[in-house]
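In what follows, a single structure is set out as structure tokens and then discussed.
Order of appearance sets the numbers: ligands from 1, and atoms from 1 within every ligand.
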Amino acid sequence: MHKTLITLSLVSALAACQSSEQQVNNKSVTTSSTQEMITEGIKPNLSAIEITQLCEQVLNKTDQDFAALEQQTVKATLASVVGSFDSITDGMSPIRHVWHIRAVHPDADIRDAATQCSQKASEFYTKVGLSRGYYDQLSAIDTAELSEPEQYMLKRSLENFKRAGVDRSEEVREKITALQKEITEIGNEFSKNIREDVRFVMASPEQLVGLPEDYLANHPENEQGLIKITTDYPDIQPVMTYGENDKLRHELRIASRDRGYPVNEKVLKKLITKRHELAQLLNFNSHAALSMSAKMINNPDNANAFLSRVGGALKAPVEKELAVLLKRLQKIDPNATQVQVWQASYLMNLIRQEDYAVDSKEVRQYFQYDKVRAGIFGLTQDLFGVQIRPWKTETWHEDVESYEILENGKLLGRFYMDNHPRDNKYKHAAHWTLRTGIKDKQIPMSGLAQNFPKGLMEHSQVETFLHEFGHLIHNMFSGNQKWYGISGMTMERDFVEAPSQMLEEWIWDYDTLKTFASNEKGETIPKSLVEKMNRARDFGQATGTATQIFYANLALNYYNQSPDKVDLNETMLRLQKQYAPYPYVEGTHLYTNFGHLNGYSSDYYTYQWSLAIATDLFSRFEQEGIRNKAVAKEYREKILGAAGSKPAADFVADFLNRKFTPDAYINKLKAL
Ligand SMILES: [Zn+2]
């Protein structure tokens with residue numbers, strides 16, 4: 001199901017943004033206040049040595065400037081304190097792309113140099129987050145004259161400082177710094193172990209019966225007459241959907257879900273233990289309690305309540321779906337009593353063809369990469385009244401595309417898209433903020449990394465593309481505040497996915513699809529096919545969402561209690577039984593390759609939470625027209641443009657003219 005894929009992408013996107021979002025509450029830059037708008041790129045092509053040197057140079061200056069700021073004795077005002085810090089952030093711009101480059105650059109030396117630099121930069125933010133000198137100055141700012149967004153920014157900053165233990169003794173603060181550094185390193189190790197552990201299964205040609213021709217053409221036999229199928233998405237996904245051979249799907253499922261094992265078992269345990277230690281040091285019961293205190297959801301109890309409400313609404317729809325799958329499976333294997341997870345996509349595709357008459361192979365002929373990209377650009381231009389055109393600049397690989405986005409001739413932002421798979425590249429789909437937009441000072445810049453074929457795409461991949469592009473649009477339209485602390489993607493983390501999730505709706509809209517979806521002969525996708533796709537859309541949602549609830553509960557349970565009470569494997573087995581729609585597969589270890597246990601840690605509930613918000617937000621477009629430009633304008637201004645200038649609950653209410661509730665989402669699930 002696309003949900004899993006997208007969730008992975010979402011989470012990765014957030015994980016990717018995380019390092020930068022640590023800055024949110026403090027943030028800022030160095031020195032020279034140039035009057036000109038900063039619009040230029042960030043030299044994506046530095047050598048490993050140049051990255052290391054630049055990193056050292058930038059961070060040395062950053063350290064000096066920050067030390068000076070900590071000790072300054074001028075009267076504390078927003079300009080003298082936050083303004084100075086924003087200047088330091090400006091100075092870090094040249095290395096802001098290292099989080100992105102470490103995930104996408106083809107050269108291992110450069111990835112390593114970027115990784116090291118990103119770790120050092122994270123250390124700086126950790127240090128800032130623990131600076132008593134800076135905190136004292138922030139606390140001394142007289143708020144009487146400040147605007148509401150500025151007051152909100154300051155309040156959030158001070159809360160974050162307290163949450164980080166800044167008011168604690170020197171000794172405790174040193175422990176916190178050391179722990180945070182350790183956590184970052186362990187987390188990086190966990191992610192690296194997954195990223196670099198690509199496994200494969202050698203298949204015979206007979207085992208690939210059912211796969212599309214272009215897939216077979218791209219997977220030639222070796223000298224022994226066997227075909228290598230790796231665990232990378234573009235390789236494995238078509239087999240899971242179209243491959244008739246049950247054994248091959250089973251083997252691939254094991255290969256894929258055993259990545260990172262056994263090495264990551266210890267790494268994860270260490271990560272959970274250190275995070276718990278840190279939470280306790282900060283007087284929180286658990287890492288989950290600490291992490292959620294800065295979110296819309298607020299605490300683990302609320303997360304639990306929300307997840308169990310959604311889980312409860314799903315019970316009957318899941319049973320219904322499983323019964324349909326089992327009935328179809330029994331036509332293949334009359335003795336089957338249970339559907340296995342490696343059979344799910346395959347069976348769903350068969351049922352879609354037979355009962356809903358939707359054949360993925362028929363659908364994909366209308367989604368050629370270049371046309372899809374043009375379609376997504378077209379939708380953005382039409383809905384929001386902007387223009388997108390190529391941006392000539394150097395990149396790190398010939399596959400990388402670069403563009404700029406304008407409004408009435410005025411440059412609004414720039415972005416890279418690295419959209420095709422290659423060795424050692426980030427395996428999922430994600431958005432990175434390469435630069436945060438600042439009103440009248442700096443345009444936003446984004447990097448998108450995805451893994452799509454250059455030829456025909458699955459409809460679910462098109463949906464992923466639009467989803468990730470939604471993050472990019474959000475970064476472009478939210479870079480209009482005066483301060484780093486409230487500009488760009490600075491809103492609460494558990495809101496961040498909602499705009500992208502809502503945007504996915506457009507890829508199910510015929511009037512949108514007809515503008516770009518056409519086959520080789522130039523025939524537009526038939527309206528009847530889109531109608532059929534929509535009827536088939538709901539099928540699979542119940543089991544897909546139940547899987548998400550399983551993942552969310554797994555993450556919450558790993559991080560919501562003392563680590564000595566957590567047996568990784570036992571907890572996984574127990575929760576799998578309780579929440580997942582399919583039984584455990586012998587030989588797999590989800591927790592060694594579920595990358596979001598690092599990035600999202602306890603907060604995997606976020607995906608479902610923001611989906612509930614997205615469903616509520618979309619209700620206005622549903623009522624007033626999905627291509628209604630007036631609603632889109634209001635949405636851009638009130639939701640995207642608000643950035644982090646007020647609580648998400650407030651700007652959502654501004655747009656809806658009432659408070660957010662998950663009722664719309666719950667009702668939708670119950671009706672499945
Ligand atoms: Zn996302």
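- Checked against the Zn ion (ligand 1), the N, O or S atom of His471 at the shortest distance is NE2.
- A donor-acceptor distance shorter than 3.5 angstrom exists from the side chain of Asn264 to the backbone of Phe190, with no hydrogens or angles considered.
- Under 3.5 Å, the side chains of Trp609 and Asp603 contain no donor-acceptor pair of N or O atoms.
- For the Zn ion (ligand 1), the N/O/S atoms of His467 include one lying under 2.8 Å.
- With a 6.0 Å radius and a threshold of 12 heavy atoms from other residues, nucleotides or ligands, Lys192 has its NZ atom at or below the threshold.
- Counting heavy atoms from C-beta on, the side chains of Arg259 and Thr592 never come closer than 4.5 Å.
- The Zn ion (ligand 1) is closest to atom OE1 of Glu497 (considering only N, O or S atoms).
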